[in-house]
Each structure stands twice: as C-alpha cells, then as structure tokens.
Chemist: 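Once you've had a glance at the structure underneath, I'll fire off some questions.
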Amino acid sequence: MYQSSKPQRGLLPVASRGQSPVAVIGAGIAGAWQALLFAQAGHDVTLHERSDTAMMLATSHWAGGMLAPWCESEISEPIISRLGLRALDLWRRELPDTPFNGSLVVAHTRDRGDFERFARMTTCHRRLDARGLSELEPSLQGRFRDALFFAGEGHVEPRRVLPKLHERIIAAGGTIKFNSEPAPADITGIVIDCRGLSARDRLPELRGVKGEMILIETCEVELARPVRLVHPRWPLYVIPREGNLFMLGATSIETEDTGVSVRSALELLSAAYAVHPAFAEARIVEFGSALRPAFPDNLPRIAIHDETIAVNGLYRHGFLIAPALAELTLAFVERGQIDNEVMQCA
Ligand SMILES: Cc1cc2nc3c(=O)[nH]c(=O)nc-3n(C[C@H](O)[C@H](O)[C@H](O)COP(=O)(O)OP(=O)(O)OC[C@H]3O[C@@H](n4cnc5c(N)ncnc54)[C@H](O)[C@@H]3O)c2cc1C
C-alpha cells in the first residue's frame, strides 16, 4: 500500500541490531499511537511524558479530534488523505466504539460560493436538502437549505481517547512514565521522539501554529456529529462532546502567542450561533489554545537518525494521521521499509 523501498546501505532496520528496548518520548497523539503499535508488536516499550495524566501540556489535549480525510482534502496535500484513510482503519481496529457517523458542512447564504467550492474540491460526500439535513440532525431543522454529508468520517474526544490509548499501551505490555522528561540523548536503544513543538532543539525548522477553541454547554441543542461552517478564513466547526458539551474550533494563526483573542472568541461564538441560535444561551465552560507543531511545508515527517526516529509536524492532522505514521515507523524498524513521501534519513 505504501510507497516503499528496500533499506539503504547504512540505514539498517534498527531491529536488526537486536531487540533493543524502545523509548517513546511524548504521550500526545503521535507518541501514544507509536507506543501502542510497538508494544502490540512485542517490543519492550516505555512511554515518557512530562505532564501528569491530565496531559494539559500536550497540543493533543486541546484538539477537536475530527477524523476527516475527505473534508481536509479541500486544503491539504494528497499525502494527508493517504495517511488519513489508512488511519481510519487503524482507529476502527483499535477502538471499535469510535463514532464513524460522518460529518456535515453547511454555509451562510453569503458564503454560497465558498460552499460550492468546498463541494468541488472534496469527494465522498452526498448533498442533503433541508429535509435530509433535519432527518440526520433534527436540531438543525429549518437552519440551512442544504448541506454536504461526508458519511465515512469519524471523530474522537481527545480528552477521553488519550487515556484509552494509554490504557491499551499498558494492556499490550508497555510502561508509561508520567512526570518524566528525558532528553532523547539521555536514553540508549531505540528512541522515538514525539515531543511535538518541544523537539525544536533537534528540528529547528518546526514552528507553532496557534489554534483557539471554546467549550460550551447547553441541553438546548443536540448534535450527533461535527458540523463545519464554511468560513472565508478558517474552517469553523461545532463538535458534540459527552455531557451536553460542544467544542467550537478552531482558528489557525501564525503566532506562538497562546492567548485567546477577543476577535477569535467572537468568530468562534458567532459560528456556533449561526449553526443554531440556541447556542446563544449556552454556558461558556472553557477558552483554550495550543500550538500545532508544523514544518515549513505543513507536512508530517518521520526523520531517522541512527537509533533516533523523530515523528513530528502533524500540524492540523494529528488525530487523523498518527496511527498511519506509527505503522510506518514500525515497518521501518522491523523490516527496513522506507516510505519516500514521509521519511527522511540522515
Ligand atoms: C484547537 C485545535 C484543534 C485541532 N483539531 C484537530 C482535529 O480535529 N483533528 C486532527 O487530526 N488534529 C487536530 N488538531 C491538531 C492536533 O492537535 C495536533 O496535530 C497534534 O496534537 C500533535 O500531536 P503531537 O503528539 O505531535 O504533539 P503533542 O500533543 O503536543 O504531544 C507532545 C507531547 O510531548 C510531551 N513532551 C515534550 N517534551 C517532552 C520531554 N522531554 N519528555 C517527555 N514528554 C515531553 C508534551 O508534554 C506533549 O504531551 C488540532 C489542534 C488544535 C490546537
């Protein structure tokens, strides 16, 4: 399935040097999937995380958790769809209760042109009329004249799914050390560096792209799936969470400041109000922001240097692509397979 080549000279599959222990640094979505697949494959895995179990220092903690390869193809390179489609299978395999009930795209009348463009740039969607939309999401009755339905997409709740993945790592025989902050150089054996933006000491071209979000609570609106509102600047969305909570996301700003601006808050709250006016009465539970780790081309990279493998640059697609990146790393370590699109060997 993947473009791969035989191991090059000097790039021996690391496992061929013996069954070295595997240390994964960073238990965000990238590191959690790496640790899980390596532990399941029988490696002696230790996952180190500097945060406590609440994972507040991870960008992953603040994410929307949409698994949306078709919607994302509007603005992403084909590699994201390739990895994303493979990752959907891995999510289904590992966490079969992951909701795969699709996602919706709607637009204000004034953004009609952008909505039609979104429809042209993406595939695997069905156009719903107002009636079809209200059959799927009764709360949206009368709100929009049509919608795009991407039936194959899914979503996870990051703050619930990270602990689930961590549990599965332990069940597969791995060890997790929270409040543990080693540098890759401190560890012998295979090191998989998934430190996100903190890996800039080794990957200086990484940058942070700010994403802001708001969590609100109301029992006046019920949604079963993410709803994206076409917006001239950012794809804004409302994602239902357990307990009458909704996440409003997400801005995408080229800054490493981590506050939430008034302008962003207004835009996120207006998006919710446009999806349903009853959101105006919702209670604001949380404002938050985090920095997405990105390389200059906004594409993910697996950088291999001796026994250290850095998995980074997941940008706005961490939840979508992390399982597929873990599968590629494992295939390299066990069989020396190189994926030419994603891997870089020093
Ligand atoms: C608002 C927002 C919404 C988003 N929505 C989506 C979405 O819907 N779908 C999607 O696919 N993606 C989404 N993303 C993108 C996604 O969150 C990122 O791509 C992803 O979180 C990056 O994961 P990571 O594991 O590389 O980094 P992180 O989650 O930051 O994990 C890195 C971990 O390494 C730890 N660490 C750092 N240094 C050390 C050390 N020395 N020792 C031990 N631990 C260390 C950190 O504490 C952290 O836990 C969103 C992002 C934002 C900000």
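Both counts, for ligands and for their atoms, begin at 1 and track the order of listing. Numbering starts at 1 and runs along the sequence shown.
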Chemist: Verify the distance criterion only: is there a donor paired with an acceptor across the side chains of His317 and Ser76 at less than 3.5 Å?
Modeler: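 Side-chain D/A pair, His317 to Ser76: present.
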Chemist: Is any N or O atom of Gly64, backbone or side chain, closer than 3.5 Å to an N or O atom of ligand 1?
Modeler: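 Yes, since at least one N or O of Gly64 sits under 3.5 Å from an N or O of ligand 1.
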Chemist: Tell me whether Ser180 reaches ligand 1 (any heavy atom closer than 4.0 angstrom to a ligand atom).
Modeler: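 The answer is yes, since Ser180 has a heavy atom less than 4.0 Å from ligand 1.
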Chemist: Which heavy-atom pair separates Gly102 from Pro226 by the least distance, and what is that distance?
Modeler: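 So the minimum-distance heavy-atom pair works out to O-CD, 3.7 Å.
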Chemist: Do you see a donor-acceptor pair shorter than 3.5 Å between the side chains of Glu220 and His276?
Modeler: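 Not at all, the side chains of Glu220 and His276 share no donor-acceptor pair under 3.5 Å.
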Chemist: Taking 4.0 angstrom as the limit, do Glu217 and Arg241 come out as a salt bridge?
Modeler: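 No.
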Chemist: Can you list the atoms of ligand 1 that are under 4.0 Å from a heavy atom of Cys194?
Modeler: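 Those of ligand 1 that fall under 4.0 Å from Cys194 are 32 (C), 33 (C), 34 (O).
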Chemist: Backbone, side chain, both or neither: what part of Ser198 comes under 4.0 angstrom of ligand 1, heavy atoms only?
Modeler: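 Under 4.0 Å from ligand 1, Ser198 contributes side-chain atoms alone.
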Chemist: For atom 46 (C) of ligand 1, which candidate among Arg50, His48, Glu72, Glu181 provides the closest heavy atom?
Modeler: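 Looking at heavy atoms only, Arg50 sits closest to atom 46 (C) of ligand 1.
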Chemist: Report, in ascending order of atom number, the atoms of ligand 1 lying under 4.0 Å from any heavy atom of Gly65.
Modeler: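 Listed by number with element: 6 (C), 7 (C), 8 (O), 9 (N).
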Chemist: Within a distance under 4.0 Å of any heavy atom of Ala58, pick out the atoms of ligand 1 and give their elements.
Modeler: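 The list of qualifying atoms is 29 (O), 30 (O), 48 (C), 49 (O).
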Chemist: Does ligand 1 have a heavy atom under 4.0 Å from the side chain of Pro182, from its backbone, from both, or from neither?
Modeler: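 The answer is both, backbone and side chain.
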Chemist: Give the numbers and elements of all ligand 1 atoms closer than 4.0 Å to a heavy atom of Ser60.
Modeler: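 Atoms satisfying the 4.0 Å criterion: 20 (C), 21 (O), 23 (O), 25 (O), 28 (P), 29 (O).
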Chemist: Heavy-atom contacts under 4.0 Å between Ile25 and ligand 1: side chain, backbone, both, or neither?
Modeler: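 The answer is the side chain.
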Chemist: List ligand 1 atoms under 4.0 Å from Phe319, heavy atoms only on the residue side.
Modeler: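 Those qualifying, in numeric order: 10 (C), 11 (O), 12 (N).
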Chemist: Side chain to side chain donor-acceptor pair (under 3.5 Å), that's the test. Do Ser51 and Glu49 meet it? Break it down for me.
Modeler: CA-CA 6 Å; Ser51 309; Glu49 168 56 48; 2.8 Å; yes
Chemist: Short N/O distance, under 3.5 Å, between Ala250 and ligand 1?
Modeler: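 Between Ala250 and ligand 1 (N or O atoms, distance only) the closest approach is not under 3.5 Å.
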Chemist: What atoms in ligand 1 come closer than 4.0 Å to a heavy atom of Ala290?
Modeler: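 Taking each heavy atom of Ala290 in turn, ligand 1 has 53 (C) under 4.0 Å.
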Chemist: Would you mind telling me if ligand 1 is within reach of the side chain of Trp33, the backbone, both or neither, using heavy atoms under 4.0 Å?
Modeler: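 For Trp33, there is no contact with ligand 1 at all, from either part.
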Chemist: Under a 4.0 Å threshold between the charged nitrogen and the carboxylate oxygen, would Arg112 count as salt-bridged to Glu116?
Modeler: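 Looking at Glu116 and Arg112, the cut-off is met.
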Chemist: Counting only heavy atoms, which portion of Arg316 has something under 4.0 Å from ligand 1: side chain, backbone, both, or neither?
Modeler: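 Backbone only.
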Chemist: Run the salt-bridge test on Glu153 and Arg225 with the 4.0 Å N-O cut-off and return the result as yes or no.
Modeler: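 No.
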Chemist: Taking non-hydrogen atoms only, is Trp62 closer than 4.0 angstrom to ligand 1 via side chain, backbone, both or neither?
Modeler: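 The part of Trp62 near ligand 1 is the backbone, not the side chain.
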Chemist: Could you state the interatomic distance from OG (Ser60) to CE (Met55), rounded to the nearest 0.5 Å?
Modeler: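 Going from OG on Ser60 over to CE on Met55, the span is 6.5 Å.
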Chemist: With a 3.5 Å distance limit and no angle check, can you tell me whether Ser139 reaches the backbone of Glu222 through a side-chain donor-acceptor pair?
Modeler: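 Here the side-chain-to-backbone pair exists.
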Chemist: Scan Asp186, Ile187, Ile192, Thr46 and name whichever one has a side chain to side chain contact (heavy atoms under 4.5 Å, CB included) with Ile25.
Modeler: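 Looking at Asp186, Ile187, Ile192, Thr46, the match for Ile25 under the side chain to side chain contact (heavy atoms under 4.5 Å, CB included) is Ile187.
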Chemist: Should the pair Asp193-Arg195 be classified as a salt bridge under the 4.0 Å nitrogen-to-oxygen rule?
Modeler: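 Between Arg195 and Asp193 there is a salt bridge, with a charged N closer than 4.0 Å to a carboxylate O.
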Chemist: Can you tell me if Asp111 uses its side chain to pair, donor with acceptor, with the backbone of His108 under 3.5 Å?
Modeler: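 Pair absent, no side-chain N/O of Asp111 close to backbone of His108.
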Chemist: Could you work out, for atom 8 (O) of ligand 1, the closest of Met213, Met66, His155 by heavy-atom distance?
Modeler: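 Nearest option to atom 8 (O) of ligand 1, by heavy atoms: Met66.
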Chemist: Which bit of Glu49 is near ligand 1, meaning a heavy atom under 4.0 Å away: side chain, backbone, both or neither?
Modeler: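 Near ligand 1, Glu49 shows its backbone as well as its side chain.
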Chemist: With a cut-off of 4.0 Å, which atoms of ligand 1 are near a heavy atom of Leu314?
Modeler: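 Here the atoms of ligand 1 in question are 19 (O).
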Chemist: Tell me the protein heavy atom at minimum distance from atom 28 (P) of ligand 1, and give that distance in Å.
Modeler: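 Nearest neighbour among protein heavy atoms for atom 28 (P) of ligand 1, to 0.1 Å: Thr59 N, 3.6 Å.
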Chemist: Below 3.5 Å, N or O to N or O, backbone or side chain included: is there any such pair between Ala30 and ligand 1?
Modeler: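 Between Ala30 and ligand 1 (N or O atoms, distance only) the closest approach is under 3.5 Å.
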Chemist: Could you tell me, atom by atom, which parts of ligand 1 come under 4.0 Å of a heavy atom of Leu320?
Modeler: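 Numbered from 1, ligand 1 contributes 11 (O).
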Chemist: Search all heavy atoms of Ile321 against all heavy atoms of Leu83 and return the closest pair with its distance.
Modeler: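 So the two residues come closest at CG2-CB, 3.8 Å.
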